[in-house]
Amino acid sequence: MCFTYSTRWYLSNIWWKSSSAPTNWPLVGMLPGLIQNTHRVHEFVTDALVESKGTFEFHGPVLANLNMLLTSDPANIHHILSKNFSNYPKGVEFRKIFDMIGNGIFNVDYELWEMHRKTTMSLMNHPKFQTMLERNMWSIIENGLWPILDGFAEQGTLFDLQDIFQRFTFDAITKLLLDHDPKSLSIGLPHVPCENAFNDSLDAFMYRHFLPESCWKLQKWLRIGKEKKLIQAWEAIDQFIYPCISRKQEELMHTSRAKDEEFIFLNAYIRMYNQWKDGDLGTLQTFLRDTFLSLLFAGRDTTSAALTWFFWLLAKNPSVEKRIREEIQQQLNLKEGENLKFFEIEEARKLVYLHGALCETLRLFPSVAIEHKLPLEFDLLPSGHRVSPNTRVVLSFYTMGRMESIWGKDCLEFKPERWISERGGIKHEPSFKFPAFNAGPRTCIGKEMAFIQMKIVAATIIYNYYIKLEDQIILPNSSVIIQMKNGLKVRVFKRVPLMSN
Ligand code: HEM
């Protein structure tokens, strides 16, 4: 399966490619090179890492505490995320950068993290969770996605598919966790005040990774640039999330026990708070806000970003799309001329080739493109590099999908077959080679849920509609979650259902 010329061009050149690592200037170090490349930070990091065979020492300005060790070496990833996990907590620096998330799961370590993880996992493994997930998904597809796509198809409207996916995942995760449907995916695509807030804050978090702390703190104090947007985003998100929590709490106080048991998310976290309230968690409201905000971040943009890249790659590779359509027809037993209306989570598991195509998308465009760690103690990495407690270690998952040493000479090609085993199932790749869902004890809790969501949405769109790309230049943004900077402009057409051969 081959990439079209333009896709290959994009992946190997991405509109401007520097051929050398940044210059290390006296006093300011490599900061000028980084600033010059902030609009293409993932490619800048990738150029440096590919050239230095997977590990690169970035020197920041003197006294700015911005020295970094960038790595995309699977042995280092394995060491940091799994083997020597206890030496690489999220730590104080991480909390400073992601201050908006407070005491949510992404920001905390040790016992509080364990409690968060245990609680969230037990809820996601609850027998009612899958039913709730399935019901919510189909309700949003039926009442939001289909009417909108049908309307666009009838009128030949040009629209942003990324925006549609962001609205879809936002409604889905909010309904699932907070039992509130913001209905952002409705006819007319209403403005939802906190919608841009998520993207603006992710942008600002990314800048904080690479700017000296004093710079972004000054911007924050002056209320300018990305920091101004972050302050506004923070306010918008709070204005959305606090009322959702209060409404649910109010409802729980006046509800019968049976109804109370139906909505378990909030209750479980209230119980957790009561166990922990001596541990400086702020008020119950703040703690619930932090908890749910982390989960909204986890579930919204990661999944919508992956879906957007997937549909772009598919449009460039029509033979992959054809194979997925045939698989859907065969595995879901669709009759001649029948549209795809509804299928269960269990049936989604049969769509192996589609699963492979989604893995392949995440290999090339891992939604969480980078992670950063600060070692507690001196350490020697498998690559031979030494890190001290002051060294920021930046793990570039984005680069890993582009390294011949990891994926072979065809690493820049979109090949779902890479993921299909000889026996026809999904080929297992170790998470330190494919860390799109992280690796080790902090592996993503929502992986299974994300695949279910992506497969259901992807299958229903692929089978019932044809997506045509508008001519456009695709640029990834420079954010922690890698999305398309200017969205994905498309038109949609209704398909004539497949006839069997
Ligand atoms: C394509 C979709 C997704 C991708 C690529 C993804 C990827 C990741 C990654 C890389 C991490 C590690 C982040 C870090 O430690 O800084 C993570 C953690 C996490 N993810 Fe996902 N995720 C996805 C969807 C979801 C969904 C739908 C949920 C459900 C709410 C979810 C819940 C979580 C949680 C709770 C954590 C924190 C785990 C911990 O720190 O122990 N994720 N995810």
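Just so we're clear, the structure is a prediction, and the values are computed from it rather than from any experiment. Every heavy atom of this structure was used, including side-chain atoms; hydrogens, water molecules and symmetry mates were not. Ligands are counted one by one from 1 in listed order, and the atoms in each one are counted from 1 as well.
The shortest separation from a heavy atom of Gln453 to ligand 1 is not under 4.0 Å, leaving the residue out of contact. Using a 4.0 angstrom heavy-atom cutoff, Phe451 does not count as in contact with ligand 1. Judged by the shortest distance from any of its heavy atoms, Thr120 lies outside the 4.0 Å radius around the atoms of ligand 1.
Lys226 forms a cation-pi arrangement with Tyr207, by the criterion of a distance under 6.0 Å to the ring centre and an angle within 45° of the ring axis. For the pair Lys433 and Trp407, the cation sits on the ring face: its NZ or CZ lies under 6.0 Å from the ring centre, inside 45° of the axis. Remark: Arg402 qualifies as a cation-pi partner of Tyr398 under the 6.0 Å distance and 45° angle criteria applied to the six-membered ring.
Ring-centre distance between Trp419 and Phe434: below the 6.0 Å cut-off. Annotation: Phe287 is in aromatic contact with His116 [ring centroid separation under 6.0 Å]. Two rings, from Phe292 and Tyr269, have their centers less than 6.0 Å apart. Between Phe165 and Phe311, the gap from one ring centroid to the other is short of 6.0 Å. If you look at Phe198 and Phe170, their ring centroids are closer than 6.0 Å.
Ring geometry, His209 versus Phe98: the interplanar angle exceeds 60°, so the pair is classed perpendicular (tilted spans 30 to 60°).
If you number the atoms of ligand 1 from 1 as listed, the ones under 4.0 Å from a heavy atom of Ser367 come out as 5 (C). Within ligand 1, the atoms closer than 4.0 Å to a non-hydrogen atom of Gly299 are 26 (C), 27 (C), numbered from 1 in the order shown. Interface of Leu295 with ligand 1, defined as ligand atoms under 4.0 Å from a residue heavy atom, comprises 30 (C), 35 (C). When each atom of ligand 1 is checked for a heavy atom of Phe106 under 4.0 Å away, the hits are 13 (C), 18 (C), 19 (C), 36 (C), 37 (C). Listed by atom number, the atoms of ligand 1 under 4.0 Å from Arg117 heavy atoms are 38 (C), 39 (C), 41 (O). When each atom of ligand 1 is checked for a heavy atom of Met124 under 4.0 Å away, the hits are 29 (C), 30 (C). Less than 4.0 angstrom separates some heavy atom of Ile445 from each of these atoms of ligand 1: 20 (N), 33 (C), 35 (C).
The residue His116 has no part lying near ligand 1, judged by heavy-atom distances below 4.0 Å. At a 4.0 Å heavy-atom cut-off, ligand 1 touches Lys90 through the side chain alone. Counting heavy atoms closer than 4.0 Å to ligand 1, residue Asn438 contributes atoms from both its backbone and its side chain. The proximity of Ala436 to ligand 1, defined as any non-hydrogen pair under 4.0 Å, is limited to the backbone.
Applying the 6.0 Å contact sphere to NZ of Lys229 captures no more than 12 heavy atoms from other residues, nucleotides or ligands. Within 6.0 Å of the CD atom in Glu377, the count of heavy atoms belonging to other residues, nucleotides or ligands does not exceed 12.
In terms of protein heavy atoms, atom 33 (C) of ligand 1 is closest to Ala298 CB, 3.7 Å. In terms of protein heavy-atom proximity, atom 4 (C) of ligand 1 is closest to Phe437 CE2, 3.5 Å. In this structure, the protein non-hydrogen atom closest to atom 40 (O) of ligand 1 is Arg442 NE, 3.0 Å. The protein heavy atom nearest to atom 13 (C) of ligand 1 is Glu371 OE2, 3.6 Å. Atom 8 (C) of ligand 1 has Cys444 CB, 3.7 Å as its closest protein atom, hydrogens excluded (heavy atom only). The closest protein non-hydrogen atom to atom 24 (C) of ligand 1 is Thr302 OG1, 3.4 Å. Annotation: atom 28 (C) of ligand 1 to nearest protein heavy atom, Gly446 CA, 3.5 Å.
Here Leu177 contributes atom CG and Leu295 contributes atom CG; the two are 5.5 Å apart, rounded to the nearest 0.5 Å.
One finds no salt bridge joining Lys489 and Asp163 here, because no Lys/Arg side-chain nitrogen approaches an Asp/Glu carboxylate oxygen to under 4.0 Å.
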